[in-house]
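Heads up: the structure comes next, in structure tokens.
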Amino acid sequence: MTSITYGGNTYPLDKDQSVLDCLVGHGAPVPFSCRSGVCQTCLMRAVRGVPPEDSQRGLKDSLKLQNYFLACVCHPTNDLEAALPQEVVRSLPATVTALEPLNSEIMHVSLECHAPLEYRAGQFINLFREPTLGRSYSLASVPQHDEHLHLHVRRLPQGKVSGWIHEHLRIGQTVEIRGPSGDCFYVPGRPEQELVLIGTGSGLAPLYGILRDALQRGHSGPIRLFHGSRNRAGLYLTDRLRELAREYPNFDYVPCVSGEEPAPGLAAGRAHEIAFMEIPDFKDKRLFLCGHPEMVSAAKRRAFLAGAAMKDIYADPFNVNAAP
Ligand SMILES: Cc1cc2nc3c(=O)[nH]c(=O)nc-3n(C[C@H](O)[C@H](O)[C@H](O)COP(=O)(O)OP(=O)(O)OC[C@H]3O[C@@H](n4cnc5c(N)ncnc54)[C@H](O)[C@@H]3O)c2cc1C
């Protein structure tokens with residue numbers, strides 16, 4: 001007989017009983033809705049043991065890789081220990097090792113974790129200024145190649161955390177971080193598939209990580225990066241990205257400016273609009289969208305209408321709290 005461990009208790013599974021039915025039957029607090037593997041409300045993650053393939057049907061590759069599964073259609077053949085997605089993230093201290101401006105509003109922050117942190121380039125962590133005041137920042141570093149975590153933090157006017165990072169954070173200071181979270185990252189496999197990366201502002205952070213991860217893992221299909229800002233001064237890492245484009249013939253970098261006459265070498269217009277003009281058909285393409293929430297949601301809709309499969313669209317809208 002197999003068993004499921006959740007919240008410190010272990011329950012035996014009856015024959016043909018799903019993990020969800022077992023947990024709910026014992027009064028465990030697990031959210032659910034459709035009970036048929038469609039709505040994904042009962043998404044859980046196996047922290048020990050491997051969930052059966054059937055219980056991962058319809059999930060994104062990046063969730064499958066992290067052993068996520070749907071409890072309502074999960075009939076394990078081995079013992080599992082499971083947790084809800086929000087229960088999996090870890091909290092740990094990290095020390096600032098570098099602070100360098102990338103342009104007038106975006107700061108590169110490098111952090112050394114006090115314990116190993118397993119993450120994928122493009123996921124995000126929460127960084128805390130105080131125990132109850134934290135914000136999400138995406139990981140531009142690639143764990144196999146960068147010793148420390150790298151963030152690109154854009155300063156918002158009166159931003160409680162971004163302003164503090166820009167003005168008060170110092171090299172050598174230790175902060176609390178929590179994570180990693182998110183499923184916006186490169187999953188190895190299908191190396192010939194075309195990847196399209198679209199970002200605005202500091203939305204380049206996860207894309208820079210994803211891009212280097214894919215290149216270093218030998219992705220052979222075309223990789224196109226569209227990075228947009230209102231003006232030339234808002235772009236950053238342009239020299240490094242042009243260098244990568246020279247080094248990897250399958251990588252193409254398109255810096256875009258939408259609010260001024262573009263200098264030579266820059267495209268005129270919004271990043272996602274230029275991407276959709278240049279790539280009219282998104283069938284079989286993998287898409288990564290990061291940055292301004294309106295851009296992310298507009299591009300997601302257009303990509304779907306242009307033939308992209310929802311499971312091939314990875315999106316991280318940088319939602320900012322509205323002013324209290
Ligand atoms: C998954 C995820 C990943 C993220 N990754 C990154 C990242 O890699 N880099 C990064 O810089 N940010 C990222 N963010 C945003 C980040 O988490 C914070 O929301 C941001 O830094 C603002 O926090 P704050 O405390 O400085 O501002 P807050 O004190 O929360 O206040 C923000 C203030 O700015 C106003 N405001 C909102 N949008 C704008 C705008 N576009 N221009 C001017 N003012 C505005 C708001 O109304 C509010 O008054 C991410 C967000 C999410 C959800």
Side-chain angles (χ1 to χ4, degrees), residues 60 62-63 66 85-86 88-89 94 96 98-111 119-142 146 148-169 175-185 197-213 225 227-231 233-237 258-259 270-272 288-300 313-324:
K60 282 194 157 72
S62 52
L63 290 176
Q66 298 177 87
Q86 64 271 26
V88 180
V89 292
V96 180
L99 290 166
E100 287 148 17
L102 292 163
N103 64 21
S104 63
E105 36 175 47
I106 301 178
M107 178 83 85
H108 164 93
V109 180
S110 176
L111 295 170
Y119 72 95
R120 315 288 297 222
Q123 286 192 293
F124 63 90
I125 53 153
N126 287 325
L127 185 154
F128 287 82
R129 171 182 167 178
E130 291 161 15
T132 55
L133 181 57
R135 298 284 186 266
S136 307
Y137 295 103
S138 305
L139 291 158
S141 43
V142 180
D146 298 313
H148 298 159
L149 306 183
H150 295 172
L151 316 175
H152 301 167
V153 179
R154 176 171 168 238
R155 181 214 301 257
L156 284 191
Q158 277 93 49
K160 288 192 195 72
V161 176
S162 66
W164 170 78
I165 289 173
H166 276 253
E167 281 153 36
H168 298 288
L169 195 64
V175 292
E176 195 69 16
I177 64 168
R178 205 168 290 163
S181 304
D183 72 341
C184 188
F185 60 80
L197 284 55
I198 307 176
T200 51
S202 53
L204 181 61
L207 300 181
Y208 186 57
I210 291 164
L211 164 72
R212 290 184 306 132
D213 194 17
L225 167 64
H227 181 220
S229 174
R230 283 190 57 70
N231 48 43
L235 297 172
Y236 63 98
L237 289 176
S258 59
R270 293 178 174 191
H272 70 289
F288 296 89
L289 306 167
C290 302
H292 201 287
E294 274 168 37
M295 181 285 287
V296 169
S297 108
K300 205 169 174 179
I313 304 178
Y314 294 88
D316 253 349
F318 285 6
N319 293 316
V320 173
N321 296 332

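If you're wondering where the values come from, they're calculated on a predicted model, not measured in any experiment. Both ligands and their constituent atoms are indexed starting at 1 by order of listing. Note: hydrogens, waters and symmetry copies are ignored here, and every other heavy atom, side chains too, is used.
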Handout entry: Closest non-hydrogen atom pair between Gly234 and Asn103, with its separation
Key = O-ND2, 3.1 Å
Handout entry: Sub-4.0 Å heavy-atom approach of Ser181 to ligand 1
Key = no
Exercise for the section: Answer yes or no for Leu151: is there a heavy-atom contact with ligand 1 below 4.0 Å? Expected result: no
Problem - Spatial distance of atom CG (Asp213) from atom CG (Leu139) [nearest 0.5 Å] - result: 11.5 Å
Handout entry: Distance (rounded to the nearest 0.5 Å) between Ile313 CD1 and Phe288 CZ
Key = 11.5 Å
For ligand 1, which part of [X] has a heavy atom less than 4.0 Å away: the side chain, the backbone, both, or neither?
| X | value |
| --- | --- |
| Pro206 | neither |
| Val161 | both |
| His292 | neither |
| Phe124 | side chain |

Counting only heavy atoms, tell me which of [options] gets closest to [atom].
| atom | options | answer |
| --- | --- | --- |
| atom 40 (C) of ligand 1 | Asn319, Leu156, Asn126 | Leu156 |
| atom 43 (C) of ligand 1 | Ala205, Gly291, Pro157 | Pro157 |
| atom 53 (C) of ligand 1 | Gly159, Gly203, Pro317 | Pro317 |

Handout entry: Asp146 bridged to Arg212 by N-O distance under 4.0 Å
Key = yes
Handout entry: Ion pair check, Glu105 and Arg154, cut-off under 4.0 Å
Key = yes
Subset of ligand 1 atoms that lie under 4.0 Å from at least one heavy atom of [X]:
| X | value |
| --- | --- |
| Lys160 | 24 (P), 25 (O), 26 (O), 27 (O), 28 (P), 29 (O) |
| Val320 | 19 (O), 32 (C), 37 (C) |
| Val153 | 11 (O) |

Problem - Donor-acceptor pair between Ser141 and Tyr119 side chains, under 3.5 angstrom - result: yes
Problem - Test item: side-chain donor near acceptor, Tyr137 and His152, under 3.5 Å - result: no
Exercise for the section: Measure centre to centre between the rings of His227 and Tyr236, then say whether the value is under 6.0 Å. Expected result: yes
